Amino acid sequence: MQVYEAPIRDMRFNIEELHEDDGFGDLEGFEDFDDDVTKAILEEANKFCRDVLLPINWPGDQQGCRIENGVVRTPGGFQEAYKQFCESGWAGLGVSEKWGGQGAPHSVGKMVEEMTCSANLSFGLYPGLTGGAMVALEGYGSEDLKNFYMPKLANGEWSGTMCLTESHCGTDLGMLRTKAVPQEDDSYLVTGNKIFISAGDHDLTGNVVHLVLARLPDAPAGVKGISLFLVPKFLPNDDGAPGNFNNVTATAIEHKMGLKASATCQMSFEDSKGWLIGEPHRGLQAMFAMMNTERVAVGIQGLGVGEIAYQSAVYYAKDRLQGRSLSGVKNPDGPADPIIVHPDVRRMLMTMRAYNEGSRAVSAWVSRALDAEHAAKEPEMRERAKDFVALMTPVVKALFTDLGHESAHLAVQVHGGHGYIQETGVEQFARDARIAQIYEGTNGIQALDLVGRKLPDRMGRNLRSFFHPVSQFIEDHGQDANIGKMIGSLQQAFGALQLSTGHIAQKGMKDPEEAGAAATDYLRLLGFVAMGYCFAKAAKIAYAKLEEGTDEKAFYEAKIVTARFFFERLLPPAMAQMMVITSGKGSMMDMPEEAF
């Protein structure tokens with residue numbers, strides 16, 4: 001059974017308490033979003049996700065999308081849900097008021113994103129891709145294009161996509177063949193084929209606005225010759241309504257492992273009229289603005305799936321009677337005890353809970369930096385926030401999706417045989433979660449980005465935004481009577497991270513393959529240190545609240561127990577990553593290719 005109720009109290013803890021001293025506060029433009037307004041937003045979002053999106057999640061997976069008479073049809077209930085989503089204002093929650101949105105901060109918007117991804121990940125991709133398209137358009141589009149398209153995208157009337165991948169090129173975009181021919185009216189005719197296009201076509205909106213990577217006739221070879229174009233499915237009339245068909249066709253829907261209610265399309269563009277976004281041959285600059293936004297969003301997808309997997313597993317573990325407790329009968333009136341009494345089931349549930357709370361805490365930290373990057377009053381804070389976002393974006397994308405996938409599989413394991421069959425709905429989480437480790441740049445690519453670009457950038461400047469607060473917290477609280485033991489563990493892990501960073505810096509300069517061999521393990525270690533820092537801060541706050549005599553004793557006690565579990569059970573294996581990182585590339589690169 002798929003069970004979900006948004007963890008609003010934990011979300012509010014992260015927004016209101018955990019990161020108050022992170023140096024990313026005092027922002028301009030968010031004065032209306034105080035604690036009361038934020039609480040109301042989260043509560044209303046929970047109602048919509050729980051009551052509208054969750055009931056169509058499993059049926060949508062069973063029905064999938066289909067093409068009828070050249071039009072992609074979404075599963076039953078999706079059109080009605082999308083209409084309600086837009087009418088309730090969720091489509092424009094984080095969009096600037098300039099374009100008709102509500103201008104909510106990322107710190108709030110990402111929590112709502114998490115709810116959507118928990119309740120119905122397939123549904124969430126439709127507005128999610130639109131949000132990414134708006135980032136690229138707002139940052140690099142002409143004023144005319146922005147004034148015309150942004151309001152319609154912001155209110156959900158039209159939707160957006162990003163069209164990168166072709167059958168012969170995924171990560172290596174320098175190989176793409178789609179072409180764009182300039183016209184006398186400053187438009188372009190775009191021709192080519194794209195694959196794996198999320199929300200490429202559907203029946204939720206009146207028009208689909210594609211952002212397409214293509215080459216101009218005079219384009220240089222490789223990635224330096226790629227431009228970005230806005231290509232609508234229907235050419236708008238003068239009154240703004242969708243007009244003539246623009247030869248943009250969904251030729252097929254991909255048959256996928258999961259996300260079956262999300263229309264992932266093969267797209268054909270045949271002399272389709274489009275307009276340049278940004279400068280010629282500089283399309284990747286604009287597209288990466290969109291992709292970086294999407295990478296954080298994909299990390300939130302991993303967290304969202306992990307949360308509903310956890311809640312569904314807890315529900316089942318409390319209900320399923322099987323065996324007796326090792327410490328004595330706990331359910332004397334029944335034939336057996338609920339399986340939640342068994343240590344190994346507790347191990348799985350606590351692992352999932354810690355992954356979710358740790359990811360949510362890091363997500364909230366990064367979200368505050370996303371806000372500060374643009375809204376901080378002091379230039380120094382904006383720069384520091386920018387550095388922190390750059391460093392943490394690949395970590396959020398890769399680590400959260402790895403942990404979300406692991407949590408989904410743990411949920412199947414908690415359910416036993418009932419998790420492996422479709423009727424309980426749990427195996428859907430495992431299938432849906434898998435793609436998040438792949439799209440928007442595989443997790444291996446994220447790790448390479450971290451060690452190959454983000455670490456050496458400006459002599460390691462990005463790292464300072466992370467290392468300095470962690471180091472200071474350890475120094476300030478090492479003797480704390482309540483969390484001193486946690487700080488000791490954090491200090492060991494942080495030391496392992498520092499040594500690993502030095503190893504990669506030294507070896508990677510001489511041999512890039514050494515850095516590449518260590519990349520995935522380094523990303524995981526950095527991410528777990530970030531979680532450890534957040535858990536230690538959370539425990540410190542929780543102990544203080546309990547000493548004050550809070551009326552939310554159970555919440556803060558649970559926060560401490562979860563932190564203890566993280567430091568005692570999850571952080572030690574992560575610290576062992578240093579041994580892997582420093583072992584070098586030999587054992588993986590010395591095997592002759594013909595021996596595989």
Side-chain angles (χ1 to χ4, degrees), residues 1-8 10-11 46 49-50 53-62 111 113-125 257-262 298-320 338-340 342 344-363 396 398-438 443 531 558 562 565-566 569-570:
M1 180 177 178
Q2 296 186 348
V3 176
Y4 182 69
E5 186 79 29
I8 292 176
D10 194 51
M11 292 176 169
N46 176 49
C49 292
R50 180 196 63 205
L53 296 186
L54 181 61
I56 61 173
N57 186 44
W58 189 78
D61 176 75
Q62 298 298 298
M111 297 297 180
E113 276 188 42
E114 180 195 327
M115 294 184 199
T116 305
C117 294
S118 285
N120 197 321
L121 181 54
S122 287
F123 179 92
L125 287 184
M257 175 181 176
L259 286 188
K260 294 187 177 183
S262 170
V298 171
I300 301 300
Q301 292 175 19
L303 168 57
V305 175
E307 180 62 34
I308 190 171
Y310 165 71
Q311 291 191 28
S312 299
V314 168
Y315 178 89
Y316 183 81
K318 290 180 177 180
D319 183 68
R320 174 69 167 171
I339 63 173
I340 197 169
H342 302 307
D344 195 59
V345 173
R346 287 294 188 101
R347 173 189 62 82
M348 291 186 283
L349 295 178
M350 287 300 298
T351 297
M352 298 161 73
R353 181 188 182 104
Y355 284 168
N356 293 336
E357 290 193 14
S359 296
R360 188 173 298 116
V362 174
S363 167
V396 167
L399 183 63
F400 289 14
T401 57
D402 280 347
L403 299 185
H405 183 248
E406 186 175 337
S407 290
H409 280 271
L410 287 173
V412 172
Q413 190 71 17
V414 169
H415 281 73
H418 292 283
Y420 196 67
I421 61 175
Q422 289 189 340
E423 281 77 6
T424 57
V426 181
E427 55 84 37
Q428 180 189 349
F429 304 147
R431 290 186 288 106
D432 284 356
R434 190 62 185 88
I435 185 58
Q437 298 170 287
I438 298 172
N443 287 359
M531 284 187 178
T562 306
F565 180 87
F566 176 84
R569 290 278 180 160
L570 301 182

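Just so you know, residue 1 is the first one in the sequence shown, and it goes up from there. Not measured: the values here are computed from a predicted model.
Ring geometry for Tyr316 against His415 counts as parallel: the plane angle stays under 30°, on a 0 to 90° scale with 60° as the upper cut.
A donor-acceptor pair is defined here as one N or O able to donate and one able to accept, closer than 3.5 Å; no such pair exists between the side chain of Trp58 and the backbone of Met1. A donor-acceptor pair is defined here as one N or O able to donate and one able to accept, closer than 3.5 Å; such a pair exists between the side chain of Arg346 and the backbone of Ile340. Under the 3.5 Å distance criterion, the side-chain polar atoms of Asp319 are left unmatched by any main-chain donor or acceptor of Tyr315. Of the possible donor and acceptor atoms, none in the side chain of Ser118 sits under 3.5 Å from a partner among the backbone N and O of Glu307.
What you find for Ala398 and Asn443 is that their closest heavy atoms are O-ND2, 3.2 Å. Listed here is the closest heavy atom pair of Ala354 and Thr562: CA-CG2, 3.9 Å. Heavy atoms only, all atoms of each residue included: Pro338 and Lys318 are closest at CB-O, 3.5 Å. Considering all non-hydrogen atoms of both residues, Ala436 and Val298 come closest at O-CG1, 3.4 Å. Closest heavy-atom contact between Arg50 and Tyr4: CG-O, 3.6 Å. Looking at every heavy atom in both residues, Gly419 comes nearest to Thr424 through CA-OG1, 4.0 Å.
Ion pairing of Lys260 with Asp432 is absent here, as no side-chain N (NZ or NE/NH1/NH2) approaches a carboxylate O to less than 4.0 Å.
Judged purely by distance below 3.5 Å, without hydrogens or angles, the side chains of Glu406 and Tyr355 pair a donor atom with an acceptor atom. Remark: the Asn57 side chain and the Ser122 side chain contain no N/O donor-acceptor pair separated by less than 3.5 Å. No side-chain donor from either of Gln311 and Gln2 sits under 3.5 Å from a side-chain acceptor of the other.
Applying side chain to side chain contact (heavy atoms under 4.5 Å, CB included) to Leu349 and the options Val414, Leu410, Asp344 leaves one that passes, Val414.
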Please evaluate residues Ile308 and Leu54 with respect to the criterion side chain to side chain contact (heavy atoms under 4.5 Å, CB included), reporting the C-alpha separation (whole Å), side-chain torsions for both, the decisive distance (0.1 Å), and the verdict. CA-CA 10 Å; Ile308 190 171; Leu54 181 61; 3.8 Å; yes

Apply side chain to side chain contact (heavy atoms under 4.5 Å, CB included) to the pair Tyr420 and Val426, showing each step before the final yes or no. CA-CA 8 Å; Tyr420 196 67; Val426 181; over 6 Å; no

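In this structure, CG in Asn46 is found 4.5 Å from CD1 in Ile8, a value given to the nearest 0.5 Å. With rounding to the nearest 0.5 Å, the separation of CG in Asp61 from CD in Gln422 is 7.0 Å. Here the CD-CZ distance, from Gln437 to Phe400, works out to 14.0 Å after rounding to the nearest 0.5 Å. To the nearest 0.5 angstrom, Leu121 atom CG is 5.0 Å from Leu259 atom CG. Here Asn120 contributes atom CG and Met115 contributes atom CE; the two are 15.0 Å apart, rounded to the nearest 0.5 Å. Here Met531 contributes atom CE and Arg360 contributes atom CZ; the two are 10.5 Å apart, rounded to the nearest 0.5 Å.
Phe429 has its side chain out of reach of Ser407: every pair of non-hydrogen atoms, C-beta onward, lies at least 4.5 Å apart. A 4.5 Å side-chain heavy-atom check between Pro7 and Glu357 finds every atom pair outside the cut-off. At a threshold of 4.5 Å between non-hydrogen side-chain atoms, the residues Leu125 and Gln301 count as touching. Inter-residue side-chain proximity for Cys117 and Leu303 is flagged as unmet; no heavy-atom pair is nearer than 4.5 Å.
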